[in-house]
Amino acid sequence: MTDPVRYDREGDVALITVANPPVNALGHAVRQGLVAAIERFEADDARIAVILGEGRLFIGGADISEFGKPPADPWLPDVVNRIEAATKPVVAAIHGAALGGGLEVALGCHYRVALPGTKLGLPEVTLGILPGAGGTQRTPRLTGLPKALEMITSGTPVDPKTAQEIGLIDRVGEGDARSAGLAYARDLLEQGAERRPVGALPKPAADADAVAATEATLQKTAKGLVSPFHAMKAVVAASEMEIDAGLAEERRLFNELMETPQREGLIHAFFLERKVSQLPEIDGVAPRELSKVGVIGGGTMGAGIATAALLAGLTVTLIERDDEAAAKARGTIEKNLAGAVKRGKLAEAKRDAILSDAFATSTDYSALSDADLAIEAVFESMEVKKEVFGQLDAVMKPGAVLATNTSYLDIDEIAGSTSRPADVIGLHFFSPAHVMKLLEVVVADKTANDVTATAFALAKKLRKIAVRAGVCDGFIGNRILSHYRGAADRMVLEGASPYQVDSALRDFGFAMGPYAVADLAGLDIGFMTRQRKEATRDPRDVVPTWADELYHMGRLGQKTGRGYYIYEGGARTGEPDPEVEALVAQAREAAGVIPRSFTDGEIQRRYMAAMVNEGARVVGEGIAQRPLDVDAVKLFGYGFPRYRGGPMKWADMTGLAGLLDDIRAWEKDDPYFWAPAPLLEQLVSDNTNFDSLNGWER
Ligand code: T1G
């Protein structure tokens, strides 16, 4: 293996290059290499050194894949201290990104230059930890306490211009990292600049107002999280302690966080976000051409999908049944784009260009004759879907991809109704489609691998997290949802209040409980799903008749100002409604149920057990290929708390054996609902866990 740290000379300047693709992570060999390079620099006659990164960025941080493994010397904090202690000046020449330990290495240098477009940040709190190589002590010595608190407790990177304004870097350079580093080093030599250790700078001034403001912000933005609050403590310590004591306090807080399940959950989420699109069936498979997209149906979903495609730089032709409907769809898309302009995500000029050059509507399918992809988002009826696919089959060019946005209909049947089933795939977007990150890519029996590869390429363009799913009712997400919703309805029928269920799950980390979510989605959606399933429903399934009552009373949730909750004056959070409790009591009586009490813990346990048990079935049947696919779906489409890593990761951390014991205990009272998933039983008897099925190489 080539040495991941190179040492070269350019006249008086020593160039120390980190070359550890893909992101120059500070793995063990890199740490050793940096220390050796500094010692070599001190020993030779170079007058100044420049540290830079090879490839597309400076340094992407500590090597996260080493976490949880026995630490190997030299530790990163020692490497940074060693760079800072160098007897001659050291410059960091930064391009692309300096994140976490990468920025901390730069802070260990005496001078910093960064190129335009570079991301400079300390995102450790997003991994459940804090900057553990001096970042919490050196950053505030350069920027002052308020800016350091903001950067470190949010984890949000800054650009070079801002970084220079707040004192984090000294210069915004030009050209590439090597030439910018050399230019700055030579200027410093000319100025007779000396080494300038950041750690030797005075403590940052204390700032109680900034601390209070940070605390208040975190109470709102970091509910349930531990790391941002620890990070705040570490930064505050910089204003109270000398550097060595501050570094020790940082290490103490860092080590505490390393032991938290949140750290494990968040790092699992980091890696699954990247792993979920790595599938053997599309490995090395070239996606088809993808620039012109047709969207059929301009309702909420169709308009959202069109908006997402337009924002990703694709050209879109939207097909509607008549001009009035087409005009309405254009109005919705214009509103969506105006929202993106308002959120600063899109420039006005770009919006205007999109609407004039990249977007068109038509009532004639032949307008899609040269489209590369068509996404159908019309009414959820098999008959209507087949009619649309018949039209698409007739007009689309050979090699075009035909996709359906159905959320439950049989895609094999839709594909079978065309002459080109290999070109048919499911693209299940989540509402609002131009906002929600998740995209279920539903691969039908005959779908060609390059069609699947094209779907994943589309997701990358749309900046979405694509998850491969097989064909079944509800695919991965909605199938599992109907199961843990079933568990919630069972607990309500047996005595729990819908409001207690919601608050228990908010405490677990969900932004909203299932009944508040039902109000947000609209109780008519739930009612229609129950209607659709009535013919095939097992009589042992619990039907929330109280919700049917609410539907018949026209109480559809937020959109009617009343559902499970009462929403005064268009409020987004509602008040419990005693009339709902009365409807539930009537349902219990009708079912002959003597209500009993539930603890919040039991509610969380049963809800999660139902989610995991059905998740295990979905993996066992191959609808989801890996447990991490279930985790990804729940994290990016169903508001599962990221710091718990996803339901399957949560189950692993909680212990599968205990979970199975609970399920078997509940099975005694309800063998139909609580039959353990065969995969769960298998993993317990093999004394292993879901993560063993995720195929990690690291
Ligand atoms: N360690 C190990 N692997 C990493 C990594 C890291 N820090 N960063 C990325 N990878 C892998 C990633 O899993 C993927 O692998 C490949 O590199 C490309 O990544 C003491 C302890 C740098 C902006 O939080 O934000 O420093 O899937 O697809 O879109 O204070 O990666 O190909 O097998 O994301 O171009 C703090 C994390 C660490 C930054 C590049 N650092 N990385 O984005 O590529 S904690 C971070 C990123 C720390 C110290 C503490 C991004 C990127 P694979 P990618 P990208």
Side-chain angles (χ1 to χ4, degrees), residues 4 18 20-31 34 53-69 71-72 74-81 83 94-108 117-139 148 151-152 154-159 227 230-231 234-235 247 250-258 260 263-264 266-279 283 456 459-461 463-466 626 628 632 642 694-698:
V18 178
N20 182 30
V23 297
N24 295 335
L26 295 154
H28 186 223
V30 174
R31 299 195 304 271
L34 281 169
E54 183 167 278
R56 55 203 168 91
L57 51 84
F58 179 67
I59 298 172
D63 187 336
I64 309 171
S65 65
E66 288 184 352
F67 287 11
K69 296 178 186 148
W75 284 25
L76 190 54
D78 304 328
V79 174
V80 174
N81 293 347
I83 294 169
I94 308 166
H95 76 295
L99 298 172
L103 182 57
E104 290 173 301
V105 163
L107 295 173
T118 301
K119 279 201 299 186
L120 300 123
L122 296 165
E124 283 85 346
V125 289
T126 66
L127 298 170
I129 52 175
L130 55 77
T136 67
Q137 304 305 301
R138 292 190 173 88
T139 306
M151 266 189 81
I152 293 171
S154 70
T156 311
V158 294
D159 61 40
S227 54
H230 266 50
V235 176
L247 290 172
E250 175 190 275
R251 176 77 0 206
R252 185 186 69 77
L253 292 161
F254 179 88
N255 289 340
E256 265 182 25
L257 289 175
M258 282 297 277
T260 62
R263 189 269 300 168
E264 197 175 338
L266 287 164
I267 287 181
H268 176 74
F270 173 85
F271 280 118
L272 75 77
E273 209 169 329
R274 286 148 180 86
K275 176 85 176 174
V276 77
S277 57
Q278 295 170 14
L279 297 166
D283 191 18
F456 275 83
K460 197 158 187 178
K461 273 185 196 282
R463 295 171 175 280
K464 293 196 180 295
I465 305 282
R626 304 154 297 187
L628 69 86
R642 188 180 171 97
N694 281 331
W696 303 110
E697 280 102 37
R698 58 186 166 87

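Numbering starts at 1 and runs along the sequence shown. What you are looking at is a predicted structure, and each value in this text was computed from that prediction instead of being measured. Order of appearance sets the numbers: ligands from 1, and atoms from 1 within every ligand.
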Does the structure place the NZ or CZ of Arg274 under 6.0 Å from the centre of the six-membered ring of Phe271, at an angle of no more than 45° from the ring's axis?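 No, Arg274 does not sit over the ring of Phe271.
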Every pair of nitrogen or oxygen atoms between ligand 1 and the protein that is under 3.5 angstrom apart - can you list them with their distances to 0.1 Å?
| residue | atom | partner | partner atom | Å |
| --- | --- | --- | --- | --- |
| ligand 1 | 1 (N) | Ala62 | O | 3.4 |
| ligand 1 | 1 (N) | Ile64 | N | 2.9 |
| ligand 1 | 7 (N) | Gly60 | O | 3.4 |
| ligand 1 | 7 (N) | Ala62 | O | 2.8 |
| ligand 1 | 26 (O) | Ala62 | N | 2.9 |
| ligand 1 | 26 (O) | Gly101 | N | 2.8 |
| ligand 1 | 27 (O) | Gln278 | NE2 | 2.8 |
| ligand 1 | 30 (O) | Glu104 | OE1 | 2.6 |
| ligand 1 | 30 (O) | Glu124 | OE2 | 2.6 |
| ligand 1 | 30 (O) | Gly132 | N | 3.0 |
| ligand 1 | 34 (O) | Arg274 | NE | 2.6 |
| ligand 1 | 34 (O) | Arg274 | NH2 | 3.3 |
| ligand 1 | 35 (O) | Arg56 | NH1 | 2.4 |
| ligand 1 | 41 (N) | Gly60 | O | 3.0 |

Residue Arg463 excluded, over 12 heavy atoms near CZ under 6.0 Å: no
Does the pair His268 and Trp696 meet the rule for a side-chain contact (heavy atoms from CB on, under 4.5 Å), with working shown? CA-CA 11 Å; His268 176 74; Trp696 303 110; 3.9 Å; yes
With rounding to the nearest 0.5 Å, note down the distance linking NZ in Lys119 to CZ in Phe58.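 Answer rounded to 0.5 Å: 15.5 Å.
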Could you tell me the separation between the CG atom of Leu266 and the OG1 atom of Thr260, rounded to the nearest 0.5 Å? 8.0 Å
Can you give each donor-acceptor pair under 3.5 Å made by side-chain atoms of residues 120-138, sequence neighbours left out, with the distance rounded to 0.1 Å?
| residue | atom | partner | partner atom | Å |
| --- | --- | --- | --- | --- |
| Thr126 | OG1 | Pro123 | O | 2.5 |
| Thr136 | OG1 | Glu250 | OE1 | 2.5 |
| Gln137 | NE2 | Ala234 | O | 2.9 |
| Arg138 | NE | Glu84 | OE2 | 2.9 |
| Arg138 | NH2 | Asn81 | OD1 | 2.8 |
| Arg138 | NH2 | Glu84 | OE1 | 3.0 |

